[in-house]
Chemist: 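The structure is given below, and queries will be raised subsequently.
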Amino acid sequence: MHRRTLLAAALAGAVVTPALASGTARAADPGPSVTRTGTTTLDAQALFFVSYDGLVNNNAFQKNGLLTYKGYQYAVWYTADRNAVVGRRALGASTWSTVKVGHTLRYNDSHNVISMGVSKVDGRLHLNMDSHSDGFTYVKSVAGLMDNPGGLSWTASRFGAPQSTLDGLALTSQFTYPQFVSTPDGRLQLSYRVAVSGNGRNALAEYDGTKWTNLGEWSSATGTYTSEHGSSTARNMYLHGIDYDRNGRLHSFFTWREQNGAVMCNSGGITNHDTGYVYSDDRGRTWRNNAGTVVGVTGGSDKVSVTDAGLVVDPLNPDHSLMNQESQFTDSAGRPHAIISYVPGRFGQCTTNYVANRTANGRAFHVRRNASGTWQKTEIPVPLNSSQRTKLILDKYDNAYAVFPFGRIAGASAASGYTDWRILFDGSGLNAFGEVVIDETRVAQDGVLSFMYQEKSSGTTPSALHVTDFRLPA
């Protein structure tokens, strides 16, 4: 408890004290800016239903629902008749070519998202979809499709039949949250959760161009967590992301969700607590805390646990409706950044209605490790006006951009130490429902912030699904 108190005090100071410069920004570097260059329509009548306060086509935790590779952009969604579709366009083109991949959504569950990944070793596109604590559907393209998009037609024949395994590898009967990540050596990894919310474990599988291998679980659901209200002996780790930096380090921020509601001040809240951080320098086989101490081995008996020391970088008890699965990014020097959000203590020390309290008083915070290795935290002065998630990207100058629900964009400069957050685009005219899906891969390739959003609707009436683009500083 003493360590956590000291860390809390240090972070509280970082919120109100001007942050140190990032160490990479120069006086001549431009600050953050966005210039909207166009919007395209993926589907005028995309599937629409609300569950868990979100949409199946626009859950911000998808990785990736939108991606760019070798001059083409790809998007995935469900049509009004529940067909899973993948579309592509040449960057800058106004129209998309679409293919149905042979699967229809089973349930009205917004967590049953579609995620994409690229195995650079053989040029395949991979899709994992329609899973929430049960089985999944997997589809992959022919080899080379992603390497020669201009020369290969975009047809259903380029994709294999839907599977309930990874080419015969059965992972778990309780599978959720697929996240593909391309490794620096061209392989493709799949991050996923085994079991259920409040009692689950994170795991990894890896594709080498020939076959999939299950690397195993790396986080633990066991151990005792005690708050001032009560204790819990089961939980799951929710990832804010899983990303390689340019030096090959794998980063992951996370929050814990406890199974036992006794840890909360009120049953109307949510049991998420603490922001943690781990990294791996051996492609996800071994996990270390911020100090470099090994805290878990994938597939081994020692897994990352709530009782491990040195995991928490921003302590917070379960009484503030902390969001899970928010956002992270790494800067040009490989330093980790994250967006977290919750109801700050100035609005009370006990949230009693998760959605209502976050909508009324939720705020987002930028958490990052600076050049000296110190963790710093800055409140972004933009009310959430939503219970949902905010996304983070950094441009070539390491300026930070937070994309809020409804497509609002705020930015802060690296030169200021990320203390000058301001609104750059207010979302006017989008009529966006809430969360947006960011193309995390496009920013580095052509300096464009691109996100997918769906227009507001009601009930189960389909609505338009769009991609909008913003040019960042050149």
Side-chain angles (χ1 to χ4, degrees), residues 1-11 13-14 19-24 179 181 183-185 187 189 191 201-204 206 215-223 225 235 237-256 273-316 326-340 365-377 392 394 398 417-418:
M1 183 60 71
H2 182 59
R3 181 193 65 80
R4 292 164 60 89
T5 302
L6 290 174
L7 184 52
L11 280 165
L20 297 174
S22 70
T24 59
Q179 296 189 78
V181 57
T183 71
D185 51 354
R187 298 185 178 200
Q189 293 179 326
S191 167
R201 293 93 62 196
N202 290 328
L204 285 172
E206 186 173 85
L215 301 182
E217 299 173 7
W218 62 271
S219 74
S220 171
T222 61
Y225 167 79
R235 69 204 46 82
M237 174 195 285
Y238 273 118
L239 302 183
H240 287 312
I242 184 164
D243 298 279
Y244 284 97
D245 66 24
R246 62 181 56 191
N247 301 314
R249 175 169 287 181
L250 186 61
H251 302 263
S252 192
F253 287 90
F254 62 88
T255 60
W256 296 108
H273 65 89
D274 295 321
T275 297
Y277 168 78
V278 289
Y279 72 89
S280 174
D281 285 332
D282 58 3
R283 305 294 190 264
R285 272 66 172 178
T286 303
W287 296 92
R288 299 175 182 271
N289 65 15
N290 185 58
T293 303
V294 174
V295 288
V297 177
T298 300
S301 58
D302 180 24
K303 298 177 175 64
V304 182
S305 168
V306 72
T307 57
D308 285 330
L311 297 182
V312 176
V313 299
D314 185 44
L316 188 71
E326 198 123 26
S327 190
Q328 66 174 44
F329 215 82
T330 56
D331 64 24
S332 61
R335 291 187 290 266
H337 297 239
I339 295 288
I340 65 173
F365 297 82
H366 177 207
V367 177
R368 73 276 182 198
R369 192 169 61 197
N370 66 21
S372 65
T374 302
W375 289 97
Q376 293 184 267
K377 174 182 172 184
L392 174 69
L394 275 69
D398 286 336
Y418 306 104

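Just so it is clear, the values below take in all heavy atoms, side chains as well, and ignore hydrogens, waters and symmetry mates. Position 1 is the first residue of the sequence; numbering continues from there. Since the structure is predicted, the reported quantities are computational estimates derived from the model, not experimental observations.
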Chemist: Atom CH2 of W287 and atom OH of Y277: how far apart are they, to the nearest 0.5 Å?
Modeler: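 Between W287 CH2 and Y277 OH, I get 9.5 Å after rounding to 0.5 Å.
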Chemist: Can any side-chain N or O of T330 pair as donor or acceptor with the backbone N or O of R335 at less than 3.5 Å?
Modeler: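 Not confirmed, T330 side chain does not pair with R335 backbone.
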Chemist: Distance check, rounded to the nearest 0.5 Å: R288 atom CZ versus L250 atom CG?
Modeler: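 The CG atom of L250 is 13.0 Å from CZ of R288, to the nearest 0.5 Å.
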Chemist: Which residue pairs pass the salt bridge (charged side-chain N to carboxylate O under 4.0 Å, His left out) test with at least one member in residues 244-254, sequence neighbours excluded?
Modeler: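 Every pair satisfying salt bridge (charged side-chain N to carboxylate O under 4.0 Å, His left out) with a residue in residues 244-254: R249-D281.
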Chemist: Please step through side chain to side chain contact (heavy atoms under 4.5 Å, CB included) for the pair S219 and R201, ending with a clear verdict.
Modeler: CA-CA 5 Å; S219 74; R201 293 93 62 196; 4.2 Å; yes
Chemist: Can you find a pair of side-chain heavy atoms, one from H240 and one from F329, that are under 4.5 Å apart?
Modeler: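 No, side chains not in contact.
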Chemist: Could you verify whether a donor N or O on one side chain and an acceptor N or O on the other, from E217 and N202, lie under 3.5 Å apart?
Modeler: no
Chemist: Going by atom types only, do W375 and N370 share a side-chain donor-acceptor pair under 3.5 Å?
Modeler: no
Chemist: Given side chain to side chain contact (heavy atoms under 4.5 Å, CB included), test D314 with F365 step by step and report yes or no.
Modeler: CA-CA 11 Å; D314 185 44; F365 297 82; over 6 Å; no
Chemist: Checking side chain to side chain contact (heavy atoms under 4.5 Å, CB included) between Y418 and each of Q376, K377, H337, which is the one that passes?
Modeler: H337
Chemist: Do the side chain of E326 and the main chain of G241 share a donor and acceptor less than 3.5 angstrom apart?
Modeler: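 It does not hold such a pair.
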Chemist: Any side-chain heavy atom of R285 sitting closer than 4.5 Å to one from E206?
Modeler: yes
Chemist: With T222, which residues qualify under side-chain contact (heavy atoms from CB on, under 4.5 Å), at least two apart?
Modeler: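 Result, side-chain contact (heavy atoms from CB on, under 4.5 Å) vs T222: S220.
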Chemist: Can you measure from CD1 (I242) to OG (S191) and round to the nearest 0.5 angstrom?
Modeler: 4.5 Å
Chemist: Just by modelled atom types, is the G284 backbone N or O under 3.5 Å from a matching donor or acceptor in the T298 side chain?
Modeler: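 Present.
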Chemist: Looking only at non-hydrogen atoms, find the nearest pair between G223 and V306 and report the distance.
Modeler: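 Shortest heavy-atom contact: C-CG1, 4.4 Å.
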Chemist: Would you say Q189 and Y244 are linked by a side-chain donor-acceptor pair, where the criterion is simply a distance under 3.5 Å?
Modeler: yes
Chemist: CG/L392 to CD1/I340 distance, rounded to the nearest 0.5 angstrom?
Modeler: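 Going from the CG atom of L392 to the CD1 atom of I340 covers 12.0 Å.
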Chemist: At what distance, to the nearest 0.5 angstrom, does OG of S252 lie from CG of L239?
Modeler: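 If I round to the nearest 0.5 Å, the distance is 4.0 Å.
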Chemist: Under a 4.5 Å cut-off applied to non-hydrogen side-chain atoms, are P336 and R369 in contact?
Modeler: yes
Chemist: N289: what forms a side-chain contact (heavy atoms from CB on, under 4.5 Å) with it, not counting sequence neighbours?
Modeler: A291, T293, V295, L311
Chemist: Distance from T275 atom OG1 to W256 atom CH2, nearest 0.5 Å?
Modeler: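 Output value for this atom pair is 12.5 Å.
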Chemist: With a 4.5 Å cut-off on side-chain heavy atoms, are R283 and D185 touching?
Modeler: yes
